[in-house]
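Have a look at this one.
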There are 2 protein chains.
Amino acid sequence: MNIGEVAAKSGLPAKTIRYYEDIGLIQPERHDNGYRVFRQTQLHKLMFVARARSLGFSIDDCRILLALYEDDSRASAQVKALAQDHLTQIDAKIAGLRAMRDTLADLVDACHGDSRPDCPILKDLAAAHDG
Amino acid sequence: MNIGEVAAKSGLPAKTIRYYEDIGLIQPERHDNGYRVFRQTQLHKLMFVARARSLGFSIDDCRILLALYEDDSRASAQVKALAQDHLTQIDAKIAGLRAMRDTLADLVDACHGDSRPDCPILKDLAAAHDG
DNA sequence: ATAGGCCTTCCAGTCGCTGGAAGCTCAAGC
DNA sequence: GCTTGAGCTTCCAGCGACTGGAAGGCCTAT
């Protein structure tokens, strides 16, 4: 398979696949003409990474997950610990965003949104905030 | 005020304040010795930006918000529209993260996390996923 | 022979900082 | 007056994960 076909099958842009090769996530072979050759296992890896990325895992996490996936003697506890850690980080991010969201929603609600300059949103931004 | 004092008062790292000058967010004057001089208005601007950033507004949004803040003839509708737009984006981000979180939580729950290699998390990553 | 679509590499840019190096200035202590 | 150390300056590089674009080679069909 050439990169275009793998891109179509994995849903990843060709650019991203080349980038993944650059950083050593995958190692496709080469045709005599310089074109990358992808075998089924490479495509499989790419799809694995694509899925992991869609769950928010970092590239470095993906590296580890791939290694664990290919290690028959892994302990599922290793995988779970990584995933649990990631889950905790996502939860923290959600909590942060929710706090933002709530404050912002209050401000938006309080703002008349008319032609007058008076605006609670700007007032909040201009007021001193501790922490 | 020198940059250190302003950093302490605004809670922003000195590096960040210099960066904000670089990109034209603020324009402090200079002492004869080259040191930046910050007046009260500059500090006020920095605190405004810090607050806006803490609510997730981009630097470009901050630029617009600052301009609106300084424009006595603004319409609050302009501010509200910007904030509403931002709020929508935050909501989208939260929704995305929640979807991730839920999938991930299910997988973590399903994984025994023991010394055996069998792992539903890796199984999910390795399976074909549409969309 | 030519057109176009695919592939290649390389460089630069995104966003919002952050770290570090090299060097100047200033205030305090001896 | 000299030293020390903190604080200031500039500039360059790097983070993460791509993404865009230019310049050029290759392949297939007409």
Side-chain angles (χ1 to χ4, degrees), chain A residues 1-38 42-43 45-66 85-86 89-90 93 96-97 100, chain B residues 1-39 42-43 45-66 86 89-90 93 96-97 100:
Chain A
M1 285 179 283
N2 283 349
I3 199 167
E5 192 177 344
V6 179
K9 282 184 179 161
S10 67
L12 292 168
K15 276 254 170 194
T16 299
I17 297 172
R18 290 193 196 100
Y19 169 71
Y20 285 172
E21 183 187 9
D22 256 22
I23 62 170
L25 258 191
I26 48 160
Q27 293 94 23
E29 289 154 49
R30 297 287 177 140
H31 274 298
D32 289 346
N33 62 10
Y35 285 21
R36 289 168 182 81
V37 192
F38 295 86
Q42 302 291 324
L43 171 58
K45 271 195 187 191
L46 284 172
M47 287 174 18
F48 184 101
V49 170
R51 172 67 172 165
R53 294 284 302 126
S54 82
L55 291 178
F57 286 102
S58 71
I59 293 284
D60 272 355
D61 282 348
C62 289
R63 245 184 257 278
I64 297 170
L65 287 169
L66 267 180
D85 213 72
H86 179 46
Q89 284 178 41
I90 290 181
K93 202 175 275 182
L97 283 173
M100 264 185 201
Chain B
M1 285 179 284
N2 283 349
I3 199 168
E5 193 178 343
V6 179
K9 282 184 179 162
S10 67
L12 292 168
K15 278 255 170 191
T16 299
I17 297 172
R18 290 194 196 99
Y19 169 71
Y20 286 171
E21 182 187 9
D22 257 21
I23 61 170
L25 258 190
I26 48 160
Q27 293 94 24
E29 289 153 51
R30 298 286 178 139
H31 274 298
D32 290 346
N33 62 11
Y35 285 22
R36 290 168 182 80
V37 192
F38 296 85
R39 307 215 184 283
Q42 303 290 325
L43 172 57
K45 271 195 187 190
L46 283 172
M47 286 174 18
F48 184 101
V49 169
R51 172 67 172 164
R53 294 284 301 127
S54 82
L55 291 177
F57 287 103
S58 71
I59 293 284
D60 272 355
D61 282 347
C62 290
R63 245 184 257 278
I64 297 171
L65 287 169
L66 267 181
H86 180 44
Q89 285 178 41
I90 290 181
K93 201 173 274 180
L97 283 173
M100 264 186 201

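Worth saying up front: this structure is predicted, and the values here are computed from it rather than measured.
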Point to revise | DNA chain C: 5'-proximal contact among B:L12 and A:V37 (nearest heavy atom) | key: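 Nearer the 5' end of the strand: A:V37.
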Point to revise | Closest approach of A:A52 to A:C62 (non-hydrogen atoms, all atoms of both residues) | key: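 That closest heavy-atom pairing would be CB-SG, 3.7 Å.
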Review point. Which stems does DNA chain C form, counting runs of 3 or more consecutive Watson-Crick or G-U wobble pairs with both distances under 3.5 Å?
Key: C:1-30 with D:1-30
Check your understanding: Roughly, in whole Å, what's the span from CG in B:D22 to P in C:dT18?
Key -> 14 Å
Review point. Which pair of heavy atoms, one from A:M47 and one from A:K9, lies closest together, and at what distance?
Key: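 So the minimum-distance heavy-atom pair works out to SD-O, 4.0 Å.
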**Study point:** Results of ring-ring contact (aromatic ring centres under 6.0 Å, His included) for A:F57 - residues two or more places apart only
**Key:**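 Once residues adjacent in sequence are excluded, the partners of A:F57 under the ring-ring contact (aromatic ring centres under 6.0 Å, His included) criterion are A:H86.
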Practice item. Give a yes/no answer on whether the side chain of A:R36 brings an N or O atom under 4.0 Å of OP1 or OP2 in C:dC7. Key: no
Check your understanding: What heavy-atom pair brings B:I26 and B:F38 nearest, and what distance separates the two atoms?
Key ->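 Answer, listing the atom of B:I26 first, then B:F38: CD1-CE2, 4.0 Å.
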Exercise for review: To the nearest Å, give me how far apart NZ (B:K93) and C1' (C:dC15) are.
Suggested key: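 One finds 11 Å between C1' of C:dC15 and NZ of B:K93, rounded.
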Below 3.5 Å between N/O atoms, which protein atoms pair up with nucleotides 10-14 of chain C? Just atom names and distances, please.
none

Review point. Starting at NE2 of B:H31 and ending at P of D:dG7, how long is that distance when rounded to a whole Å?
Key: 16 Å
Exercise for review: Return the 5'-most residue of the pair B:R18, A:T16 with respect to DNA chain D, ranking by each residue's nearest nucleotide.
Suggested key: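 Closest to the 5' end, via its nearest nucleotide, is B:R18.
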Review point. So how far is it from A:E21 CD to A:I23 CD1, rounded to the nearest 0.5 Å?
Key: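 It comes to 10.5 Å.
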Practice item. Return the set of residues passing ring-ring contact (aromatic ring centres under 6.0 Å, His included) with A:Y35 (not counting sequence neighbours), or none when no residue passes. Key: none
**Study point:** A:L43 side chain reached by A:E5 side chain, heavy atoms, under 4.5 Å
**Key:**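 SC-SC contact between A:E5 and A:L43 ruled out.
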Point to revise | d(CG, B:N2; P, D:dG7) in whole Å | key: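 Rounded to whole Å, this separation is 11 Å.
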Point to revise | Heavy-atom pair with the smallest gap, counting every atom of A:L12 and A:Y20 | key: CD1-CE1, 4.0 Å
Check your understanding: Among residues 53-66 of chain A, which contact DNA chain D at a heavy-atom distance under 4.0 Å?
Key ->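 Here the set is A:R53, A:S58, A:I59.
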Practice item. Any chance you could lay out the side-chain contact (heavy atoms from CB on, under 4.5 Å) test for A:R53 and A:I59, step after step, and finish with the verdict? Key: CA-CA 7 Å; A:R53 294 284 302 126; A:I59 293 284; 3.8 Å; yes
What N/O pairs connect the protein and nucleotides 24-29 of chain C at under 3.5 Å? Give each pair on its own line.
unit_1, atom_1, unit_2, atom_2, d
C:dC26, OP1, B:N33, ND2, 2.6

Practice item. Could you state the atom-to-atom distance from CZ of A:R30 to P of D:dG25 in whole Å? Key: 17 Å
Review point. What's the shortest heavy-atom distance between A:I3 and A:R36, and which atoms?
Key: CD1-CD, 4.3 Å
Review point. To the nearest 0.5 Å, what is the distance between CG (A:L25) and CG (A:D60)?
Key: 9.0 Å
Review point. Which part of the nucleic acid, if any, lies within reach of B:I23 when heavy atoms closer than 4.0 Å are counted: base, sugar-phosphate only, or nothing?
Key: nothing
Point to revise | Value in whole Å for how far the P atom of C:dC15 lies from CG of B:L25 | key: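 Answer to the nearest Å: 13 Å.
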**Study point:** Whole-Å gap separating P (D:dC27) and CD (A:E5)
**Key:**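 One finds 16 Å between P of D:dC27 and CD of A:E5, rounded.
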Check your understanding: When the distance from OH of A:Y19 to C1' of D:dG16 is rounded to whole Å, what number comes out?
Key -> 6 Å
Point to revise | side-chain contact (heavy atoms from CB on, under 4.5 Å) assessment of A:Q42 paired with A:E29 | key: CA-CA 10 Å; A:Q42 302 291 324; A:E29 289 154 49; over 6 Å; no
Review point. Can you tell me how far OG of A:S54 sits from CE of B:M100, rounded to the nearest 0.5 angstrom?
Key: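 OG of A:S54 is found 7.0 Å from CE of B:M100.
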Study note, to complete from the structure: B:A50 and B:S10 have their tightest heavy-atom pair at CB-O, 4.4 Å
Review point. Does A:Y20 make a side-chain N or O approach to OP1 or OP2 of D:dC18 shorter than 4.0 Å?
Key: yes
